[in-house]
Amino acid sequence: MIIAIDGPAASGKGTIARRLAAHYGLSHLDTGLLYRATARVLLDRGERLDDPDRAVAAARGLALTDFDEARLRGAEMGEAASVVGAIPDVRAALLAMQRNFAARPEGAVLDGRDIGTVICPAAEVKIFVTADPETRAQRRALELAKRGEKVDYASVLADIRKRDERDSARSSAPLVAAGDAVKLDTSALDIESAVRAAIEIVEKRAGS
Ligand code: DC
């Protein structure tokens, strides 16, 4: 069974994907890490994020085992990942890695922005996780504070809005719910309720 989870930053999709993978004994790929790692390579080399040739070379050089999550999770890297994610050739360079991951016999859980629309259009279950921007900004601010980053709620909210806009407006694989995705709004849900709701969606889909 392939479970595709998409949604904007800090919607809860990552946690839901991780918990679904554990619940069903499936492997999980957080595809945001691919874009974050591509951006990290460019920044480490002192190269521009919006240079398509360099960005494609960085994306092609990635291996799934390379990821040092602690260096990739920060707010700055999320923004940088959104910039490289808007380059169509970067998306193309990262496609096979994601499809190969999803092709394991037992299936997998993948989360990102275009899993249900582009990477795994035939996924058995597609969930589009949303939450209002203010709630997402509060969650992200809390998460960053826990990581020891300096946090200013207003700028976190502004970043989230900017990232939503860039991820939704880009021409290649924009952030949009697949026609057959089930929408899950987590604004009023704590994580346990959101995970329960996601499991219910999977059970309903898998049963039908
Ligand atoms: O899910 P995340 O916050 O780690 O993603 C960081 C950025 O990477 C996101 O703002 C846009 C880009 N991204 C993407 O374009 N497509 C994906 N499947 C995952 C992430």
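When a ligand or atom number is given, it counts from 1 through the structure's own listing order.
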Exercise for review: Name all residues meeting the salt bridge (charged side-chain N to carboxylate O under 4.0 Å, His left out) criterion together with Arg161; count only those two or more places apart in sequence or in a different chain, and write none if there are none.
Suggested key: Glu134
**Study point:** Side chain to side chain, Pro8 and Leu175, heavy atoms closer than 4.5 Å
**Key:** yes
Tabulate below the donor-acceptor pairs under 3.5 Å that side-chain atoms of residues 116-130 make, not counting sequence neighbours, or state none.
unit_1	atom_1	unit_2	atom_2	d
Thr117	OG1	Asp114	O	3.4
Glu124	OE1	Ile2	N	2.8
Lys126	NZ	Gly116	O	2.9
Lys126	NZ	Pro121	O	2.7
Lys126	NZ	Asp180	OD1	3.0
Lys126	NZ	Asp180	OD2	3.3

Review point. What part of Arg163, side chain, backbone, both or neither, has a heavy atom within less than 4.0 angstrom of ligand 1?
Key: side chain
**Study point:** Close approach, Glu79 and ligand 1, non-hydrogen under 4.0 angstrom
**Key:** no
Point to revise | More than 12 heavy atoms of other groups within 6.0 Å of Arg170 CZ | key: yes
Exercise for review: Name the closest protein heavy atom to atom 16 (N) of ligand 1, giving the residue it belongs to and the distance to 0.1 Å.
Suggested key: Arg91 NH2, 2.9 Å
Check your understanding: Side chain or backbone of Arg73 under 4.0 Å from ligand 1, or both, or neither, by non-hydrogen atoms?
Key -> neither
Check your understanding: Which ligand 1 atoms are under 4.0 Å away from a heavy-atom of Lys13?
Key -> 1 (O)
Check your understanding: For ligand 1, is there an atom lying under 4.0 Å from some heavy atom of Met77?
Key -> no
Check your understanding: Can you tell if the side chain of Leu94 reaches within under 4.5 Å of the side chain of Leu62, non-hydrogen atoms only?
Key -> yes
**Study point:** Sub-4.0 Å atoms of ligand 1 with respect to non-hydrogen atoms of Gly32
**Key:** 4 (O), 5 (O), 19 (C), 20 (C)
Exercise for review: Using atom types as modelled and distance alone, determine if a side-chain donor or acceptor of Thr186 lies under 3.5 Å from a backbone N or O of Ala131.
Suggested key: no
Check your understanding: Quick one: which ligand 1 atoms are inside 4.0 Å of a heavy atom on Arg36?
Key -> 2 (P), 3 (O), 4 (O), 6 (C)
Revision key, fill the gap. A student checking ligand 1 against Gly112 at a 4.0 Å heavy-atom cut-off should list atoms 18 (N), 19 (C)
Check your understanding: Under a single-linkage definition using a 4.5 Å side-chain heavy-atom cutoff for Ile, Leu, Val, Met, Phe, Trp and Tyr, are Leu189 and Ile191 assigned to the same hydrophobic cluster?
Key -> yes
Exercise for review: Just jot down the ligand 1 atoms closer than 4.0 angstrom to any heavy atom of Arg170, in number order.
Suggested key: 14 (C), 15 (O), 16 (N)
